[in-house]
Amino acid sequence: IFNVRLLYFTFLNHMIGLQIRLQAQKMLLIRWEEERSTDGSKWRFLEHKGPVFAPPYEPLPDKVKFYYDGKLMKLAAPAEEVATFFAKMLDHEYTTKDVFRKNFFKDWRKEMTSEEKSKITDLNKCNFAGMNEYFKAQSEARKQMSKEEKQKIKEDNERILQEYGFCIMDNHKERIGNFRIEPPGLFRGRGDHPKMGMLKRRIRPEDIIINCSKDSKHPKPPPGTKWKEVRHDNKVTWLASWTENIQGSIKYIMLNPSSRIKGEKDWQKYETARRLKKCVDRIRNQYREDWKSKEMRIRQRAVALYFIDKLALRAGNEKEEGETADTVGCCSLRVEHINLYPKLDDQEYVVEFDFLGKDSIRYYNRIPVEKRVFKNLQLFLENKQPGDDLFDRLNTSILNKHLQELMDGLTAKVFRTYNASITLQQQLKELSCSDDSVPAKILSYNRANRAVAILCNHQRAPPKTFEKSMQNLQTKIDEKQKQLSAARKQLKAAKAEHKASHDDKSKKAVEVKRKAVQRIEEQLMKLQVQATDREENKQIALGTSKLNYLDPRISVAWCKKFGIPIEKIYNKTQREKFAWAIDMAEKDFEF
DNA sequence: CTACTGACTTGTTTCCATTCCT
DNA sequence: AGGAATGGAAACAAGTCAGTAG
């Protein structure tokens, strides 16, 4: 069914080549489209310029001093470069952490000359203050640059973007997502990461694998260098890749979310979630039955699935111990992550979750469950230590195999997509009121979005300036209120005046004043809505769910139905990413 | 079944430009 | 004009999940 997608994307993309050639290629394209579903190719033609490398290291001017144990020391370029990474971060909490310091020092020493190595043996005796000040001054100087200089830099960036930021994939010019190679630096893991502070090494052309089509103009490596490899694999979507040295994992250069290949995949994702909608009742009945199974593994599978469905937990793959921060998802929950309360306050069978999830974000929730789930959990906990797996007979692979049998294409994460999107749709239905003003409708939309963000546990730290900005807004509101009462008084006076004189001039004055009151009322309302929205959003991040979990067609349909311009809901990038949905969805779209 | 790899999505943080406010 | 606040984009880390080898 995705073969019809061409219709939706043609308008987006710039055609290249001559009309006749184009015609011929179109025919080929359609034929290829039909083949594609069976052989899994992602493209036929791919041409790009390769990645942009980080600028080479520029040694510090001599006036920048580094002291070891109080004594001035000039470092050779390799060690100096790594030292600057640390010096730049001096204000960051990271540099006070033991693990960070230890890892940094170990990797730094590897870059030193043997002389440096023998002298520098204690990080505590290193004084990076001079370097730190230098970089602060540099960034200050950058801010102070003249308009012309800033303009020049902007133009240079634009030129690089135009040259390297686009590729051609099957007749379409497409934006590349990340065409710049990550510069070297110190690895900053999230949470309690055992590898924080390690040196992320510089990536050279010799590390890069290029992927493009055979019949394309191949990207040229920088003068005097070679690519690691040039391959022509059209079963994958990436343009270039390299192996990163911290975890040994592969990094990719891929297309922007606005591209056909990403948009299509996104669409597909929501179609899978919509198929789940059709059979979710059956699946729910199934797992409720499975709570009674004779087999432990089936009961565990069923309880885990219940959590994934009800709480929108992630699947929870196993991770290699000591390689990453200790975080879990559903299948990897441990005994220590839950508490059971047969009775809590006025509720029965309460499960308390407290664990670190993706990015070491804390998930804390107390939730009453059905008696059968509770009893099962008690059973799973029997004879276990806090560090043992809650679901010892289950992992994500087993779970996903089971899900695959229940519905084609079903995996654990589909539940998150499904529950997020269906929640948005329900909430929008419940909260929107066609009589509301535009700002009030948008508040309703944000509230619906918020319900989803809470479900998915998308938190944020309250912005540092939150209290202050709230206060500012409140002062504005107070002022508006004063303005309003003043305007009302004036209106009243004008009315009285008109009553007395009954002339045209005073009638006009009444109208003018009435308008003024109305305008101020509107402004006040807008401010109040804004304050509510901001307050409710204090600890909640809407972006992630909006971008990754909510079927954009729901939002597009809602906008059409309630006469809200789409720009009020999606900014420019978001509109590009969701172009397929904006084009496709009518006001009666149902997820 | 486990371990491991590869490709791709999802997530937060940081940086930067624009807007807002004085 | 200039500085603070804000929102968006870039950067890049951290997940999911399928496939393969042993």
Side-chain angles (χ1 to χ4, degrees), chain A residues 40 42 54 89 92 94 139 142-144 150 153-154 157 161 165 175 177-183 185 187-191 193 195-196 200 209 211 233 235-238 241 243-244 246-257 261-262 265-266 268-269 308 314-320 323-325 327-332 356-361 395-401 403-404 409-417 420 453 456-461 463-466 468-470 472-473 475-476 530 534 541-549 570-574 576-577:
Chain A
K42 308 282 170 65
M89 292 176 75
H92 208 291
Y94 270 116
S139 92
R142 228 169 303 130
K143 275 183 211 152
Q144 299 302 321
K150 282 184 179 167
I153 289 173
K154 211 174 165 184
N157 279 333
L161 174 67
R175 179 87 191 267
N178 55 327
F179 56 90
R180 284 171 202 278
I181 300 278
E182 295 171 20
F187 174 76
R188 299 141 95 128
R190 313 248 165 90
H193 202 296
K195 298 192 172 184
M196 62 169 75
K200 218 168 59 160
I209 302 173
N211 193 31
D233 181 358
K235 302 282 194 289
V236 296
T237 65
W238 52 268
S241 73
T243 302
E244 149 272 345
I246 305 291
Q247 317 279 356
S249 64
I250 309 169
K251 299 245 180 177
Y252 302 93
I253 289 181
M254 290 183 189
L255 296 194
N256 188 276
I261 209 156
K262 293 284 185 193
K265 204 72 194 300
D266 211 30
Q268 201 178 108
K269 175 180 77 184
I308 285 171
R314 296 185 188 82
N317 286 308
E318 295 107 297
K319 322 204 294 178
E320 222 177 322
E323 294 292 302
T324 57
T327 63
V328 298
C330 185
C331 292
S332 49
L356 297 182
K358 183 176 177 180
D359 292 302
S360 294
I361 302 289
N395 61 39
T396 54
S397 174
I398 295 171
L399 180 65
N400 279 336
K401 284 224 175 73
L403 293 176
Q404 192 60 242
L410 187 61
T411 63
K413 82 189 185 79
V414 178
F415 282 89
R416 233 166 120 83
T417 312
C456 294
N457 198 40
H458 291 143
Q459 306 181 20
R460 63 165 184 177
K464 287 181 200 76
T465 53
F466 184 85
K468 184 132 181 296
S469 84
M470 252 355 250
N472 288 348
L473 202 50
T475 1
K476 268 186 177 171
Q530 203 186 344
R534 194 177 294 179
L542 300 184
T544 306
S545 52
K546 198 172 188 177
L547 236 47
N548 299 304
Y549 288 106
Y570 291 134
N571 67 32
K572 186 166 146 282
T573 2
Q574 292 166 340
E576 282 165 11
K577 167 166 173 160

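Below, read A as the first sequence line, B as the second, and so on, with proteins coming before strands; counting in each chain starts at 1.
- Among the atoms of the strands shown, only primed sugar atoms or phosphate atoms (P, OP1, OP2) are found under 4.0 Å from some heavy atom of Pro183(A).
- Between dG15(C) and Arg416(A), no contact under 4.0 Å exists linking OP1 or OP2 to a side-chain N or O.
- The shortest distance between the side-chain N/O atoms of Lys251(A) and the OP1/OP2 oxygens of dG6(B) is not below 4.0 Å.
- Distance from the side chain of Ile250(A) is smallest to dA7(B) among dG11(B), dC17(C), dA7(B).
- Here Lys572(A) lies out of heavy-atom contact (under 4.0 Å) with every strand.
- Side chain of Asn400(A) to backbone of Thr411(A): no donor-acceptor contact under 3.5 angstrom is found.
- Within 4.0 Å of Asn317(A), counting heavy atoms only, lies at least one base atom of the nucleic acid.
- The side chain of Arg180(A) approaches dA11(C) more closely than any other nucleotide in the set dA11(C), dG11(B), dA7(B).
- Along DNA chain C, the nucleotide closest to Thr396(A) and the one closest to Phe179(A) are compared, and the more 5′ of them pairs with Phe179(A).
- In this entry the distance linking CE of Met89(A) with P of dA11(C) reads 17 Å, nearest Å.
- For Lys269(A), counting side-chain heavy atoms from C-beta on, the closest listed nucleotide (dT10(B), dA13(C), dA18(C)) is dT10(B).
- Ala412(A) comes within 4.0 angstrom of sugar-phosphate atoms only, judged by non-hydrogen atoms across all strands, and of no base.
- The backbone N or O of Gln247(A) sits nowhere less than 3.5 Å from a side-chain atom of Lys195(A) that would complete a donor-acceptor pair.
- Across all strands shown, Lys200(A) has heavy atoms under 4.0 Å from sugar-phosphate atoms exclusively, and none from any base.
- A distance-only check finds no donor-acceptor pair linking the side chain of Asn178(A) to the backbone of Arg180(A) [under 3.5 Å].
- Backbone-only engagement by Gly189(A) is indicated by non-hydrogen atom pairs under 4.0 Å involving sugar-phosphate atoms exclusively.
- In this model, the phosphate group of dT12(B) is approached by a side-chain N or O of Thr544(A) to a distance below 4.0 Å at OP1 or OP2.
- The backbone N or O of Asn548(A) sits less than 3.5 Å from a side-chain atom of Lys269(A), completing a donor-acceptor pair.
- Looking at which nucleotide of DNA chain B each of Thr243(A) and Arg190(A) is closest to, the 5′-most match is held by Thr243(A).
- Residue-to-nucleotide proximity on DNA chain B shows that, of Arg188(A) and Ser241(A), the 5′-proximal contact is made by Ser241(A).
- Rounded to whole Å, the distance from CD1 on Ile261(A) to P on dC8(B) is 8 Å.
- For the 3.5 Å distance criterion, the side chains of Tyr549(A) and Arg416(A) qualify, holding a donor opposite an acceptor.
- Taking the side chain of Lys413(A) as heavy atoms from C-beta on, and the options dG11(B), dT16(C), dC8(B), the nearest nucleotide is dT16(C).
- The distance between atom NZ of Lys401(A) and atom P of dT2(B), rounded to the nearest whole Å, is 11 Å.
- Of the listed nucleotides (dA13(C), dT16(C), dG8(C)), dA13(C) has the atom at the smallest distance from the side chain of Glu182(A).
- Other residues, nucleotides and ligands place no more than 12 heavy atoms under 6.0 Å from the NZ atom of Lys572(A).
- Atom CD of Gln574(A) is separated from atom C1' of dT10(B) by 15 Å (rounded to the nearest Å).
- Look at Lys200(A) and Glu244(A) and you find no salt bridge, because none of the NZ, NE, NH1 or NH2 atoms lies under 4.0 Å from a carboxylate O.
- As judged by a 4.0 angstrom heavy-atom cut-off over every strand, Thr237(A) is placed among residues touching the sugar-phosphate backbone only.
- Of the listed nucleotides (dA18(C), dC8(B), dG15(C)), dA18(C) has the atom at the smallest distance from the side chain of Asn400(A).
- In this structure, CD1 of Ile308(A) is placed 8 Å from P of dC17(C), rounded to the nearest angstrom.
- Backbone-only engagement by Gly316(A) is indicated by non-hydrogen atom pairs under 4.0 Å involving sugar-phosphate atoms exclusively.
- For Tyr570(A) (side chain) and Glu576(A) (main-chain N/O), no donor-acceptor pair under 3.5 Å exists by modelled atom type.
- Side-chain proximity of Lys262(A) to the nucleotides dC8(B), dA13(C), dT10(B) is greatest for dC8(B).
- Regarding Glu244(A), its CD atom lies at a distance of 13 Å from the P atom of dT5(B), rounded to whole Å.
- Remark: Tyr549(A) is not in phosphate contact with dT9(B), judged by side-chain N or O atoms under 4.0 Å from OP1 or OP2.
- Distance Lys358(A) NZ to dA13(C) C1': 9 Å, rounded to the nearest Å.
- Residue Leu410(A) contributes atom CG, which lies 14 Å from atom C1' of dT16(C) at whole-angstrom precision.
- Distances were taken from every side-chain heavy atom of Tyr252(A) (C-beta onward) to each of dA14(C), dC8(B), dT12(B); the shortest belongs to dC8(B).
- Between Asn178(A) and Asn571(A), the one whose closest nucleotide on DNA chain C sits nearer the 5' end is Asn571(A).
- When distances are taken from the side chain of His458(A) to each of dA13(C), dT12(B), dT14(B), the shortest belongs to dT12(B).
- Using a 4.0 Å heavy-atom distance criterion, Thr327(A) is classed as a sugar-phosphate-only contact.
- Here the nucleotide nearest the side chain of Gln404(A), chosen from dC17(C), dG11(B), dA18(C), is dA18(C).
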